[in-house]
Amino acid sequence: MSALDHPYALPVSTDHGLFVAQYSDAGLAGLNFPFEKLESVSSAVPKTVAAWHKHTGAAVKAMLAGKEPKELPPLVPAGTDFQQGVWRELRRIPLGQTRSYGEIAAAVNRPRGAQAVGQACGANPIPLLIPCHRVLAGGGKLGGFSGGLDWKRRLLTIEGVTLC
DNA sequence: CATCAAAAACTCC
DNA sequence: GGAGTTTTTGATG
């Protein structure tokens with residue numbers, strides 16, 4: 001994992017732990033799952049970032065409650081063109097539904113690029129708001145998840161997805 | 001060139 | 001037909 005240095009990092013307290021949102025000057029650039037220890041967070045931020053963070057906090061809490069976030073901050077994940085395309089497709093998945101890596105691959109015109117889609121999902125800097133957890137492997141298998149498969153199962157359960 | 005959060009094809013019971 | 005293994009495939013560092 002490369003250390004992405006984003007200008008601002010702010011905590012998001014939830015019932016499931018303390019997330020850390022990272023912002024560039026263009027919007028939300030990263031969202032970290034709760035980990036053992038936290039890196040330094042920014043104490044003072046511009047009002048624009050504060051406004052984004054308010055939306056981020058509400059959105060994250062909404063997601064963890066199984067609801068669709070009402071309002072999102074600008075999402076500005078850094079990545080290649082292919083990754084951006086995949087992430088855009090991921091955001092089109094309705095809450096509580098799942099797609100397969102192959103489906104996403106087809107949607108971005110890479111009919112046989114399922115594994116590449118998997119990589120793009122793994123490179124997703126903003127879990128939850130870019131719902132990479134809604135992407136399963138073929139046949140309803142779980143696949144994998146950056147923050148641990150435990151999180152993926154938990155998130156899907158929250159959204160009402162029943163696993164085989 | 002090696003790796004990866006996949007999928008289809010192919011084998012063998 | 002089903003479970004396990006091998007091949008194919010695409011983006012990334």
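Sequence lines set the chain letters: A, B, ... in the order given, protein chains first and strands last, and positions in each chain run from 1.
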A/Arg112 CZ to B/dA8 P, in whole Å, measures 8 Å

So what does A/Phe82 touch, heavy atoms closer than 4.0 Å: a base, only the sugar-phosphate, or nothing? sugar-phosphate

Under 4.0 Å, counting only non-hydrogen atoms across every strand here, what does A/Gly144 touch: a base, just sugar-phosphate, or nothing? base

Between A/Arg134 and A/Glu159 (salt bridge meaning N to carboxylate O under 4.0 Å), is one present in this structure? yes

Rounded to whole angstroms, how far apart are OH on A/Tyr101 and C1' on B/dC4? 11 Å

Wobble G-U and Watson-Crick pairs count when both distances are under 3.5 Å; given that, what is the 5' to 3' dot-bracket string of DNA chain C, with | for pairing to other strands? ||||||||.||||

Tested for side-chain contact (heavy atoms from CB on, under 4.5 Å) against A/Leu64, the lone hit among A/Leu155, A/Asp15, A/Val12 is A/Leu155

Can you tell me how far CG of A/Leu149 sits from CZ of A/Arg154, rounded to the nearest 0.5 angstrom? 12.0 Å

N/O (side chain, A/Arg110) to phosphate O (OP1/OP2, C/dA11) under 4.0 Å: yes

Parallel, tilted or perpendicular: rings of A/His53 and A/Tyr23 (30°, 60°): perpendicular

How close or far is atom P of C/dA11 from atom CG of A/Asp81, stated in whole angstroms? 11 Å

What's A/Gly102 touching, base or sugar-phosphate or nothing? Going by heavy atoms closer than 4.0 Å. sugar-phosphate

Mark yes or no for a side-chain to base donor-acceptor pair under 3.5 Å between A/Ser100 and B/dA7, with no hydrogen or angle criteria applied. no

Rounded to the nearest Å, what distance is computed from the CD1 atom of residue A/Ile104 to the C1' atom of nucleotide C/dA11? 16 Å

Identify whether any heavy atom of A/Ala114 sits under 4.0 Å from a base atom; if not, whether one sits that close to sugar-phosphate; answer base, sugar-phosphate or nothing. sugar-phosphate

Is it the case that the base of B/dA7 and the side chain of A/Gln115 share a donor-acceptor contact (distance under 3.5 Å, atom types as modelled)? no

For A/Leu142 and B/dA6, what is the distance between atoms CG and P respectively, to the nearest whole Å? 11 Å

Over how many whole Å does the gap from A/Gln83 atom CD to B/dA5 atom C1' extend? 13 Å

Between A/Leu136 and A/Leu156, is any pair of side-chain heavy atoms under 4.5 Å apart? yes

Anything under 30° is parallel, anything over 60° is perpendicular, the rest tilted; go ahead and classify A/Phe19 against A/Phe33. tilted

Hey, what do you get for CH2 (A/Trp52) to CG (A/Leu75), rounding to the nearest 0.5 Å? 11.0 Å

Would you mind reading off the distance between A/Lys141 atom NZ and C/dG4 atom P, rounded to a whole angstrom? 11 Å

